[in-house]
Every structure is written in C-alpha cells, then in structure tokens.
*Asks:* 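Next up is a structure, given as structure tokens.
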Amino acid sequence: MKRILSCMQPTNRLQLGNYLGALRNWVALQDEEGGKNECLYGVVDLHAITVPHNPLALAQATRETAAAYIAAGVDPKRSYIFVQSSVPAHCQLSWLFTTQTPMGWLNRMTQFKDKAGKNKEKASVGLYSYPILMAADILIYKATHVPVGEDQKQHLELARDIAGSFNEKFNSGKEFFIPPEPYIMGTATRVMSLRDGTQKMSKSAESDMTRINLTDDADTIANKIKKAKTDAGVVPHNDGECEGRPEAANLIGIYAALADQTKEQVMQEYGGQQFSGFKSALVDLSVAKLSPITSRMSELMSDSAEIDAILKAGAEKANELAKPTLEETIKLMGFWS
Ligand code: TYM
C-alpha cells in the first residue's frame with residue numbers, strides 16, 4: 001500500500017501553481033487503484049510562521065486552505081486532512097532531526113536563499129531550518145510518496161538524506177524511516193508568474209497580477225490573463241519556437257494542464273495565431289475549470305464548523321499514526337523514558 005503525504009502552507013491564498021503542480025495530483029492519487037492508497041494532506045501552519053505573519057488571519061487562512069483541498073476534490077471521508085500544529089509529534093521529531101542534521105546540508109537549500117534574499121541576517125532561524133520540519137512532516141508518517149511541484153524536489157532529497165542517515169546511525173543501517181519518493185506529476189510541475197516567465201508563480205509574490213488565485217472570480221481571471229506578459233511573436237508551433245520565450249511557454253503549459261492535453265496538442269491547435277485569441281480561449285478554459293472550485297470553496301467557508309470538524313477528525317487520525325513512530329525514534333536514540 002502507498003502512503004501518500006503532502007502539505008501546503010496557509011500563507012495568503014492558494015494559486016494556480018498549487019493546484020496544477022500539487023493539489024490536482026493529490027486527488028488523482030486518492031482515486032488511484034480504486035482508492036487503496038492511504039492519503040494524508042496537511043495544512044502546515046508551523047511553516048507559515050517562519051516568515052512574518054498576521055495572527056488575526058492565520059486560523060482563517062488555515063481553514064481556507066483546507067476548504068481548497070476539499071473543493072478541489074480531496075474527500076475527507078477517504079483522505080485525512082489535518083493541521084500540522086494539532087499534531088505535536090511534527091515538532092518533536094523535527095528537534096530530534098535538527099540535532100542530527102549538518103549545517104552544510106541546510107546551506108545548500110536554494111529556497112532559503114531565495115526567500116531570505118539579501119536580508120539573510122534578519123531571516124528567522126525557523127526559515128533556515130524549515131526543511132528539517134518538512135522532513136519530519138513526511139517521515140513521522142513513514143510516507144512512501146510525496147506529490148509536490150518541482151520547487152520542493154531539493155527539500156525531498158534532504159528528507160531522504162535525513163532518513164538514510166538516521167537509519168545508519170541509530171538502526172544499524174536497517175530501514176526505520178522510509179526515504180520518501182518525490183512524486184512530481186503531470187505537465188505543470190512549475191507554473192510561472194504571469195508577469196515574468198522566469199519566476200515561479202507564488203502566493204507570496206507582491207503583485208496579485210502575477211498569479212491566479214483559487215478565490216479569483218471570472219472577471220479577475222480574465223483581467224489577469226489578458227494582461228499576462230507575452231512577446232511580439234505569435235503563438236509558437238513547437239518546443240523549438242518556445243526557446244527564449246518563457247511567457248509564451250508558460251501560457252501554453254497552463255492551457256495544456258487545464259485541458260488535460262500535451263503542450264504539443266495545444267501548439268498544434270493555436271500555433272501561428274495571435275496571443276489575443278489564444279488568451280481568450282485560455283480565459284474560457286480557466287474559468288470553466290476553476291469556477292466550480294471557487295464556488296465550492298466559498299460554500300465551505302460559510303460553514304467553518306464543518307471544516308473544523310473535518311480537521312479535528314483528521315488530527316485524531318494523524319496523531320494516532322504519528323505516535324508510534326515518535327515513540328520508536330525516542331527509543332532508538334537512547335532516551336530515558
Ligand atoms: P507551498 O505551500 O509553497 O506549495 C504547496 C504545493 O504547491 C506546489 N507549487 C507549485 N507547483 C507548480 N508550480 C508552482 N508555481 C507552484 N507553487 C507551489 C509546491 O511544489 C507544493 O507541492 N514546503 C512546502 C510545504 C510542505 C510540504 C511538507 C510539502 C511542508 N511540509 C511535507 C510536502 C510534504 C511548501 O512550501 O509548499
């Protein structure tokens with residue numbers, strides 16, 4: 001049996017990249033093999049506080065992230081949806097790993113460099129050690145598969161290294177922690193900003209025009225796509241013509257992912273046309289695919305008691321699964337207990 005685990009941070013609103021790069025695949029894995037996989041999907045609020053956050057907004061953003069999971073098709077009857085902070089074993093395991101992880105491994109993490117920017121001295125220690133908490137999120141459940149977008153690949157490799165080194169040091173090289181497989185699925189593994197095709201679409205980017213949020217209405221989506229950066233050329237016919245045209249390639253990638261087509265199919269249909277026509281088609285497709293999710297999310301958000309009940313049930317299950325792993329780890333490390 002596969003045990004699937006993945007998480008998102010409740011920072012701002014979820015955007016199209018989160019959906020195409022991860023969430024949509026979570027649903028596919030839940031439904032795979034007649035629903036045999038055991039799936040756990042977390043809202044990682046402890047990660048969200050590694051950058052300045054608004055305490056008045058965190059709980060609501062946590063609910064909204066859970067609502068997006070459900071609206072996109074995660075079924076709380078078949079998958080467990082939980083909030084990271086309601087499972088204390090994540091933090092406990094994270095500290096145990098922190099003491100065992102060489103600084104050199106963290107120094108290699110490019111996401112810290114990107115997020116801390118020039119202000120490295122002012123970034124929190126939590127932002128620096130964040131990938132260790134992420135390793136704990138995964139390893140505490142002995143997850144076998146972790147569906148994520150491409151940007152998380154390096155963190156997954158670190159989780160594999162942490163698992164391997166623990167097994168070596170504390171379990172005579174036998175497998176205790178399972179090195180998780182990154183599951184980078186589909187065609188939209190890296191959705192780029194609508195204003196700069198070299199930057200990842202991100203919920204934390206300053207300008208809202210760079211992304212499509214899962215809460216955007218049809219007019220907002222249309223406006224953002226129509227204003228998306230392109231170049232003076234026409235829609236490319238093939239990969240070769242996408243070279244050096246990251247914005248064009250990105251819009252084609254988004255269209256392909258939303259339409260469940262290959263990029264080649266999209267370029268066959270639209271290659272040689274003006275971007276204005278292609279953008280109109282992309283608006284229609286985006287609205288058709290996203291508006292059911294948006295309206296389901298707002299329905300769910302109007303009944304926070306229902307979301308809270310789902311999260312409570314998810315936390316119970318997650319705590320139950322996490323407990324034995326933590327107890328075993330403590331034993332293997334030789335603690336008095
Ligand atoms: P986060 O919250 O930034 O993103 C959640 C998921 O969305 C994917 N994603 C994208 N995929 C394609 N294109 C994009 N532009 C794009 N933007 C985001 C991410 O790859 C991710 O899969 N560190 C993680 C959260 C985390 C986690 C975990 C994930 C914490 N613990 C344990 C898996 C397992 C993060 O910041 O994701």
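Numbering of ligands and ligand atoms starts at 1, following listing order. Values below: all heavy atoms of this structure, side chains included; hydrogens, waters and symmetry mates excluded. Residues take their numbers from the sequence shown, with the count starting at 1.
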*Asks:* Side chain, backbone, both or neither: which part of Thr189 has a heavy atom under 4.0 Å from ligand 1?
*Replies:*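 Backbone only.
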
*Asks:* Heavy atoms only: which of Val44, Asn18, Ile138 is nearest to atom 8 (C) of ligand 1?
*Replies:*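 Nearest option to atom 8 (C) of ligand 1, by heavy atoms: Asn18.
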
*Asks:* Verify the distance criterion only: is there a donor paired with an acceptor across the side chains of Thr189 and Glu150 at less than 3.5 Å?
*Replies:*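 A donor-acceptor contact under 3.5 Å links the two side chains.
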
*Asks:* Could you tell me which atoms of ligand 1, counted from 1 in the order shown, lie closer than 4.0 angstrom to a heavy atom of Gln15?
*Replies:*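 Matching atoms, with element in brackets: 17 (N), 18 (C).
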
*Asks:* Only heavy atoms count here, so choose which of Tyr130, Tyr19, Tyr183, Tyr141 is nearest to atom 23 (N) of ligand 1.
*Replies:*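 That would be Tyr130.
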
*Asks:* Is the terminal nitrogen or CZ of Lys142 (NZ for Lys, CZ for Arg) located under 6.0 angstrom from the six-membered ring centre of Phe176 and within 45° of that ring's axis?
*Replies:*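 That pair qualifies as a cation-pi contact.
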
*Asks:* Keeping Gln199 on the side-chain end and Thr210 on the backbone end, is there a donor-acceptor pair under 3.5 Å?
*Replies:*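 Looks like no, no N/O pair under 3.5 Å.
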
*Asks:* Look at atom 28 (C) of ligand 1 and say which protein heavy atom is nearest, naming residue and atom and giving the distance to 0.1 Å.
*Replies:*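 Going by distance alone, atom 28 (C) of ligand 1 is nearest to Met134 CG, 3.5 Å.
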
*Asks:* Rounded to the nearest 0.5 Å, how far apart are CG of Leu20 and CD of Gln15?
*Replies:*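 CD of Gln15 is found 9.0 Å from CG of Leu20.
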
*Asks:* Among all protein heavy atoms, pick the one closest to atom 15 (N) of ligand 1 and tell me residue, atom and distance.
*Replies:*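 Checking every protein heavy atom, the shortest distance to atom 15 (N) of ligand 1 gives Val191 O, 2.7 Å.
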
*Asks:* For the residue pair Met209 and Lys227, establish whether any side-chain heavy-atom pair is separated by less than 4.5 Å.
*Replies:*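 Yes, their side chains come closer than 4.5 Å.
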
*Asks:* At less than 4.0 angstrom from any non-hydrogen atom of Gln9, what atoms of ligand 1 do you find?
*Replies:*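 Those qualifying, in numeric order: 2 (O), 35 (C), 36 (O).
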
*Asks:* With side-chain hydrogen bond (donor to acceptor under 3.5 Å, both in side chains) as the test, would you mind laying out the steps for Glu175 and Asn167 before giving the verdict?
*Replies:* CA-CA 6 Å; Glu175 189 168 282; Asn167 294 342; 5.2 Å; no

*Asks:* Would you mind listing which atoms of ligand 1 come within a distance below 4.0 Å of any non-hydrogen atom of Arg190?
*Replies:*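 Listed by number with element, the hits are 12 (C), 13 (N).
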
*Asks:* Heavy-atom contacts under 4.0 Å between Asp137 and ligand 1: side chain, backbone, both, or neither?
*Replies:*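 Side chain only.
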
*Asks:* Look at atom 3 (O) of ligand 1 and find which of Lys203, His90, Met8 reaches it with the closest heavy atom.
*Replies:*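 The option holding the nearest heavy atom is Lys203.
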
*Asks:* Please identify which atoms of ligand 1 are closer than 4.0 Å to at least one heavy atom of His47.
*Replies:*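 Once the distances to His47 are compared, the set is 30 (C), 31 (N).
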
*Asks:* What atoms of ligand 1 come closer than 4.0 angstrom to any heavy atom of Gly21?
*Replies:*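 Numbered from 1, ligand 1 contributes 11 (N), 12 (C).
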
*Asks:* For Val146, counting its heavy atoms only, list the atoms of ligand 1 lying under 4.0 Å from any of them.
*Replies:*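 The atoms of ligand 1 under 4.0 Å from a heavy atom of Val146 are 33 (C), 34 (C).
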
*Asks:* Determine, step by step, whether Phe177 and Phe97 satisfy the ring-ring contact (aromatic ring centres under 6.0 Å, His included) criterion, reporting the C-alpha distance in whole Å, the side-chain angles of both residues, the deciding distance to 0.1 Å, and the verdict.
*Replies:* CA-CA 12 Å; Phe177 284 115; Phe97 286 162; 5.3 Å; yes

*Asks:* Can Phe112 and His155 be said to form a ring-ring contact (aromatic ring centres under 6.0 Å, His included), step by step?
*Replies:* CA-CA 11 Å; Phe112 173 75; His155 291 161; over 10 Å; no

*Asks:* Using modelled atom types only, decide if a donor and an acceptor are shared between the side chain of Asn171 and the backbone of Gly173 within a distance under 3.5 Å.
*Replies:*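 Pair absent, no side-chain N/O of Asn171 close to backbone of Gly173.
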
*Asks:* Measure Leu23 to ligand 1 on non-hydrogen atoms and call it side chain, backbone, both or neither using the 4.0 Å cut-off.
*Replies:*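 Neither part.
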
*Asks:* Give the residue and atom name of whichever protein heavy atom lies nearest to atom 19 (C) of ligand 1, and the separation in Å to one decimal.
*Replies:*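 It is Asp151 OD1, 3.3 Å.
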
*Asks:* Using a strict 4.0 Å cut-off to heavy atoms of Ala22, name the atoms of ligand 1 that fall inside it.
*Replies:*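 Reading through ligand 1 atom by atom, the close ones are 6 (C), 7 (O), 22 (O).
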
